[in-house]
Amino acid sequence: MAISVIIPALNEEEEVEACLKSLRKQKFEGKYEIILVDGFSRDCTVERAKPYVDKICKKKAHGPAAARNEGAAYAKYDILAFIDADCEAEKDWLERIQLDFTDEKIMGVGGVLRPRAGSWFDNVVFKINSDWWVRLSTLFGIYQLYGNNCAYRKTMFEKLGGFNTIISFFEDTELSMRAKKVGRIKIEPNLIVYASTRRFKQKGYWSVAAKNVQAFFNFLLGRPIKTKYFDDIRH
């Protein structure tokens, strides 16, 4: 089983190498490729990524959803794995993805997030919000596959049309809930990605939490999700 890893990036010269090194140091014996989707970065993102990636494609698109979809279009393997440029994958990340997809009924897999170089407070918040809550919500039929730590079968991803490019927030959960209607989705608690805390530092934990709650209830009630998130994050 082979995996295509897709990474959206925009002005990530300070972060992208750590992400790519974590992927190249995987204890994984299968085939995989790394695809960087660059949103016409104005810094040295592409130059720093070149030694590690198999493909670089340019996408002047609005938000990470369109960039992920662009990467998926270039992917040659049957499993699409997604991670962000400011994240690092646990050394068995690809191995666990491959193991989960040996079950032919599995169409999508999502993991949990831990803070990268975070404080004790960051660790507590991530444990509650990006681990316990993700697993607890499955008991109510809600599957939240984070865009920076998830994988899908390419056939189903294409059938669903990929990530919703109209919304710039909650697009990952929106996709996983659509996927749940057509196939089996799984949360893998040992599928771990270490995520940057910069979004929370810039916006504040309470502000991000409030936007999550608002988007969550709008989604459940069938209302449009108008919240923006990545548009003004400083890179």
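What you see is a predicted model, and the numbers here were worked out from it, not measured in a lab.
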*Asks:* Using modelled atom types and a 3.5 Å cut-off, is there a donor and acceptor pairing between side-chain atoms of K154 and backbone atoms of Y77?
*Replies:*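 Looks like no, no N/O pair under 3.5 Å.
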*Asks:* Run the side chain to side chain donor-acceptor pair (under 3.5 Å) check on T45 and E13 step by step: do they pass?
*Replies:* CA-CA 4 Å; T45 296; E13 64 178 4; 5.9 Å; no
*Asks:* Membership question, hydrophobic clusters at under 4.5 Å side-chain separation (ILVMFWY): are Y194 and W132 in the same one?
*Replies:*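 No; tracing contacts between hydrophobic side chains, which count when under 4.5 Å, never links both residues.
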*Asks:* Would a 4.5 Å heavy-atom cut-off, applied to side chains only, mark Y32 and D54 as touching?
*Replies:*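 No - every pair of side-chain heavy atoms lies 4.5 Å or more apart.
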*Asks:* I56 and L80: same hydrophobic cluster, using ILVMFWY side-chain contacts below 4.5 Å?
*Replies:*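 Linked, I56 and L80 end up in one cluster.
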*Asks:* Do V193 and E88 make a side-chain contact, defined as non-hydrogen atoms from C-beta onward lying under 4.5 Å apart?
*Replies:*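 With C-beta onward as the side chain, the pair stays apart.
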*Asks:* Hey, is CG on D43 packed in by over 12 heavy atoms from elsewhere, all under 6.0 Å?
*Replies:*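 Atom CG in D43 is crowded, with more than 12 foreign heavy atoms closer than 6.0 Å.
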*Asks:* As a test of understanding, state which of L175, I106, V109 forms a side chain to side chain contact (heavy atoms under 4.5 Å, CB included) with Y152.
*Replies:*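 The single option meeting the side chain to side chain contact (heavy atoms under 4.5 Å, CB included) with Y152 is L175.
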*Asks:* Minimum heavy-atom separation for I185 to S176, with atom names?
*Replies:*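 Looking at all heavy atoms of both residues, the shortest contact is CG1-O, 4.2 Å.
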*Asks:* With clusters defined by side-chain heavy atoms of hydrophobic residues (ILVMFWY) lying less than 4.5 Å apart, directly or transitively, does V112 cluster with I128?
*Replies:*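 Per the 4.5 Å side-chain linkage, I128 and V112 are not co-clustered.
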*Asks:* May I ask you to check whether over 12 heavy atoms, not counting those of R184, lie within 6.0 Å of atom CZ?
*Replies:*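 Open: at most 12 neighbouring heavy atoms sit under 6.0 Å from CZ of R184.
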*Asks:* Between S22 (side chain only) and A89 (backbone N and O only), is there a donor and an acceptor less than 3.5 Å apart?
*Replies:*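 Side chain of S22 to backbone of A89: a pair is present.
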*Asks:* For residues V5 and I35, determine if any side-chain heavy atom of one lies less than 4.5 Å from a side-chain heavy atom of the other.
*Replies:*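 Counting from C-beta outward, V5 and I35 never come under 4.5 Å.
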*Asks:* Indicate yes or no for a side-chain donor-acceptor contact from D122 to the backbone of S119 under 3.5 Å, with no hydrogens or angles considered.
*Replies:*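 Yes.
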*Asks:* Is a donor on one side and an acceptor on the other found under 3.5 Å between the side chain of T102 and the backbone of L99?
*Replies:*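 Looks like yes, one N/O pair under 3.5 Å.
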*Asks:* Answer yes if the ring centres of F82 and Y146 are under 6.0 angstrom apart, and no otherwise.
*Replies:*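 Between F82 and Y146, the centre distance exceeds or equals 6.0 Å.
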*Asks:* Where do R42 and N11 come nearest, in terms of heavy atoms and distance?
*Replies:*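 What the structure gives for the nearest pair is N-OD1, 2.6 Å.
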*Asks:* So I79 and R153, do their side chains get closer than 4.5 Å, heavy atoms only?
*Replies:*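 Heavy-atom side-chain distance check passes, below 4.5 Å.
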*Asks:* Go through the side-chain N and O atoms of E12 and S41 and say whether any donor and acceptor fall under 3.5 Å apart.
*Replies:*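 The criterion, which ignores hydrogens and geometry beyond distance, is not satisfied for S41 and E12.
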*Asks:* Do the side chain of R24 and the main chain of Y52 share a donor and acceptor less than 3.5 angstrom apart?
*Replies:*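 Yes, the answer is positive, given that a donor and an acceptor are paired below the 3.5 Å cut-off.
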*Asks:* Is the shortest heavy-atom distance from the side chain of F126 to the side chain of D131 under 4.5 Å?
*Replies:*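 They are not in contact (no side-chain heavy atoms under 4.5 Å apart), so the answer is no.
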*Asks:* Is the shortest heavy-atom distance from the side chain of L94 to the side chain of Q98 under 4.5 Å?
*Replies:*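 No - every pair of side-chain heavy atoms lies 4.5 Å or more apart.
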*Asks:* Please answer whether the main-chain N or O of R114 pairs with a side-chain N or O of N123 as donor and acceptor at a distance below 3.5 Å.
*Replies:*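 A pair under 3.5 Å: no.
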*Asks:* Can you see which heavy atom on C87 is nearest to which on C19, and at what distance?
*Replies:*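 Looking at all heavy atoms of both residues, the closest pair is O-CB, 3.0 Å.
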*Asks:* Where is the tightest heavy-atom contact between E33 and S4, given as atom of each residue plus distance?
*Replies:*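 Scanning both residues completely, I find the closest heavy atoms to be OE2-OG, 2.5 Å.
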*Asks:* Under 3.5 Å, is there a donor-acceptor pair between the side chain of R96 and the main chain of I192?
*Replies:*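 It does not hold such a pair.
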*Asks:* I need the minimum non-hydrogen distance between Y143 and M177, along with the two atoms involved.
*Replies:*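 In this case the closest contact between Y143 and M177 is N-SD, 3.3 Å.
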*Asks:* Just checking E47: does its CD atom have more than 12 heavy atoms from other residues, nucleotides or ligands closer to it than 6.0 angstrom?
*Replies:*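 Atom CD in E47 is crowded, with more than 12 foreign heavy atoms closer than 6.0 Å.
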*Asks:* With no hydrogens and no angle check, is any side-chain donor or acceptor of N69 less than 3.5 Å from a backbone partner on F163?
*Replies:*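 Indeed, once roles are kept as given, a pair shorter than 3.5 Å links the two residues.
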*Asks:* Is R68 paired with D172 through a side-chain N to carboxylate O contact shorter than 4.0 Å?
*Replies:*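 Looking at R68 together with D172, the answer is no, because their closest N to O distance does not fall below 4.0 Å.
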*Asks:* With a 4.5 Å heavy-atom cut-off, do L145 and T173 have their side chains touching?
*Replies:*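 Heavy-atom side-chain distance check fails, nothing below 4.5 Å.
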*Asks:* Determine, stepwise, if the pair K76 / K55 fulfils side chain to side chain contact (heavy atoms under 4.5 Å, CB included).
*Replies:* CA-CA 11 Å; K76 65 180 181 180; K55 299 175 185 175; 4.2 Å; yes
*Asks:* Can you tell whether the side chains of K58 and D38 come within less than 4.0 Å, N to carboxylate O?
*Replies:*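 Here K58 pairs with D38 in a salt bridge, since their nearest N and O are under 4.0 Å apart.
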*Asks:* Linking I/L/V/M/F/W/Y whenever any side-chain heavy atoms sit under 4.5 Å apart, do I6 and I34 land together?
*Replies:*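 Yes: a chain of side-chain contacts under 4.5 Å links I6 to I34.
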*Asks:* Mind listing the closest non-hydrogen atom pair of W133 and Q144 along with its distance?
*Replies:*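 Distance-wise, the nearest heavy atoms are NE1-NE2, 3.1 Å.
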*Asks:* Should E188 and I97 be marked as a side chain to side chain contact (heavy atoms under 4.5 Å, CB included) after you check the CA-CA gap, both sets of side-chain angles, and the distance that decides it?
*Replies:* CA-CA 9 Å; E188 170 59 78; I97 289 174; over 6 Å; no
*Asks:* Just by modelled atom types, is the I142 backbone N or O under 3.5 Å from a matching donor or acceptor in the S137 side chain?
*Replies:*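 Side chain of S137 to backbone of I142, a donor-acceptor pair under 3.5 Å: yes, one is there.
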*Asks:* So do the side chains of L23 and I7 get within less than 4.5 Å of each other, counting heavy atoms only?
*Replies:*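 Side chain of L23 against side chain of I7, heavy atoms only: contact under 4.5 Å found.
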*Asks:* If you measure from the Lys or Arg side-chain nitrogens to the Asp or Glu carboxylate oxygens, is any gap between R116 and E15 under 4.0 Å?
*Replies:*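 Salt bridge flag = yes for E15 with R116.
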